[in-house]
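Values below: every heavy atom of this structure, side chains too, minus hydrogens, waters and symmetry copies.
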Amino acid sequence: MRIGLLTESGYPYVTGEARLWCDRLVRGLEVYGFDIFALSRSAHQEDQGWVELPPQVHRVRTASLWTAEDDPIDLSRRGRKRFRSHFADLAASVCGDGEDQADRFSSALRGLAELARDEGSLAGALRSESAVRDLERACRAPGARRAAHHARVPDLLAVADLMERALRPLSLDWYEEVEGGLGAVDLCHATSGGSAALPGLVAKQFHGVPLLVTEYGVQLRAHYLGASTEALSAPARSLLAAFQGRLAAEVYREAEVITPGNTHVRRWQEKCGADRDKLRTVYPGMADGRFAVVGEFASAGEEPTAASGTLVWVGRIEPAKDLVGLLHAFAEVRKEEPGTRLRLVGTPAEGEEAAAYLAQCRALAAQLFPDEAQGAHAVGDNPVSFEEIGSPEIPELADAYAAGDVVVLSSVVEGFPVGLVEAMLCGRATVSTDVGAVVEAIGGTGLVVPPRNPRALADACLSLLRDPTRRWRLGAAARARALELFTVEQNIAAFHSIYLEIVSRCPVHREVFDEDGEPLLFAHPVETHVPGRPTAAGARLGRWLAGGGAGVGGGRGDGPSWADVETPPGERADPDLVRTASVAHGASADVPEAVAVGSGAAVGEAER
């Protein structure tokens, strides 16, 4: 089986989203061949290069979504007319709120894909004055969204530019039905919605290739969260959100199966129009080997590296983690348990925002504990320490979780809590805020409190710090749950099963040609794909047909006989199987009681 893996801002690049789980998936499913079709989002990502690829990756094709096309292609006169028609419908569906707008968006998207196949790149047309005018007319039309009415020309120019980047996969040369093209794969697997899934939509439209969509973080939600930081006006953000919403709904409608990474993502997908019957939750797989030693010690009741009365936080320094709230909660803990310590273990701060937030947290810690010396990485008597993974005190990630009695997560925004699952694999009791998929991941093996509530966070931490037996029980239960649900093995097994299901249910029918280039009639007989679960007789029939077929009635035919292939010595042939074979080869369904098989020997009557 050949899989077309569709990625955006991730695998096979060294940096980016969905890199680790894609690499584990490809390496785990070594029985399949993979062609990777990757969209990049920045020059920095491309400069970092690729990860080392396993041999089952046959080829990689890449395209950029961050650069503008230097020499846009001019469409023909007929092509410009087709473009205006399709783009006008696309713009109207984005600006309008009617129930029929989803079908209008789908039709327009298909029309643009066909135009790109016939004429070439649409980059110039999507950025043209004509496209901006169509957007403006759609914004001013009766029934348009209220926010769209306030869009001005600079807003429309920005929207047209960003829509062109999102729709750029329509113009790629990835869709040929030859080796290395999406038309030659058996299944497209998009690792996110949005632009990453667009090549899968086109491959399905042109070649009937089924589409599988996996989302461990909802692309539309990420767009909503990131839109407020962009230098765009409110009308422009509204138009882009509407466009992304229409695109997400179209991807979900065309996908054969959608695999959310947790219930939190699943709810988002259902809100965006995903059919419940298509949804299969597949949890992300975590590499549990590096946490095994710490987890086994914790489960056995041995904690050689854990200090008494220590809270530990592990993660990336950013405002969404609410370290300010955690520091206030720890101040409440210190009032009742003066010997308690808090270790904040993070990755090196990247970017100005992260550096500024880290400086703010350091200043707050110094203010809350003025009588304590505050060192940057000191661990001694300081109640709060800021540390990094790779330092002498914390050489490995597992050492960070082993450094405390209780692991704390204080986030106000969270998707799937990877750090929380890592703590569970280490057998640690946890206190978490109720955000994202935290409750689903914990499943009753830790304490959960409301976000932005330092008093509740402090009380939960105190209850576990004062009860070692409860800590041990929760940690052991957490490790058992994580090993059952969140390992790489269960993730790979789930996708292996889904791949087989989709390909068996939605096979790609391709033309087969002989040596002279003429199509071979009946190259794909109907009996090669029988819906439903095959019976034993059907399985034997399939093997017999694959062997060339036996002559039914008088022993005619070049293939092996029933007696040679399917009938064990001393047993008669299955009458149902003979009847099925007769029908498949054009004989009457009313098979006589005695049928000649192979060389003409009588099988006997049905009663015998």
Novice: Both conditions, 6.0 Å and 45 degrees, for the charged tip of Arg117 above the ring of Tyr175: are they met here?
Specialist: no

Novice: When you check the side-chain N and O atoms of Arg145 and Ser238, is any donor under 3.5 Å from an acceptor?
Specialist: no

Novice: With Arg473, which residues qualify under salt bridge (charged side-chain N to carboxylate O under 4.0 Å, His left out), at least two apart?
Specialist: none

Novice: I'd like to know if the side chain of Arg266 pairs up with that of Thr281 as donor and acceptor (distance under 3.5 Å, no hydrogens or angles considered).
Specialist: yes

Novice: Which heavy atom of Glu256 sits nearest a heavy atom of Lys204, and at what distance?
Specialist: OE2-NZ, 3.4 Å

Novice: I'd like to check Asp89 versus Ser107 (side-chain heavy atoms, cut-off strictly below 4.5 Å). Are they in contact?
Specialist: no

Novice: Grab the two heavy atoms, one from Arg481 and one from Ala441, that are nearest each other, plus how far apart they are.
Specialist: NE-O, 2.9 Å

Novice: Using only heavy-atom distances, determine whether the side chains of Thr214 and Thr259 contain a donor-acceptor pair under 3.5 Å.
Specialist: yes

Novice: What I'd like to find out is whether the side chain of Arg470 reaches to under 4.5 Å of the side chain of Ser463, using heavy atoms alone.
Specialist: yes

Novice: Which atoms form the tightest heavy-atom contact between Leu90 and Ser93, and what is the distance?
Specialist: O-OG, 2.7 Å

Novice: Looking at every heavy atom in both Pro235 and Ala147, which two are closest together, and how far apart are they?
Specialist: CB-O, 3.4 Å

Novice: Between the side chains of Thr15 and Gln48, does any donor sit under 3.5 Å from an acceptor?
Specialist: no

Novice: Side chains of Glu46 and Ser40: donor-acceptor distance under 3.5 Å anywhere?
Specialist: yes

Novice: Taking Gly419's backbone N and O only, do any of them form a donor-acceptor pair with Tyr401's side chain (distance below 3.5 Å, no angle check)?
Specialist: yes

Novice: Classify the ring geometry between His189 and Tyr499 as parallel (under 30°), tilted (30 to 60°) or perpendicular (over 60°).
Specialist: perpendicular

Novice: Are any non-hydrogen side-chain atoms of Glu414 and His264 less than 4.5 angstrom apart?
Specialist: no

Novice: Does the Arg2 side chain pair with the main chain of Asp35, one donor and one acceptor, at a distance under 3.5 Å?
Specialist: no

Novice: Taking ring-ring contact (aromatic ring centres under 6.0 Å, His included) as the criterion, tell me which of Tyr216, Tyr283, Phe486, Phe416 meets it with Trp21.
Specialist: Tyr216

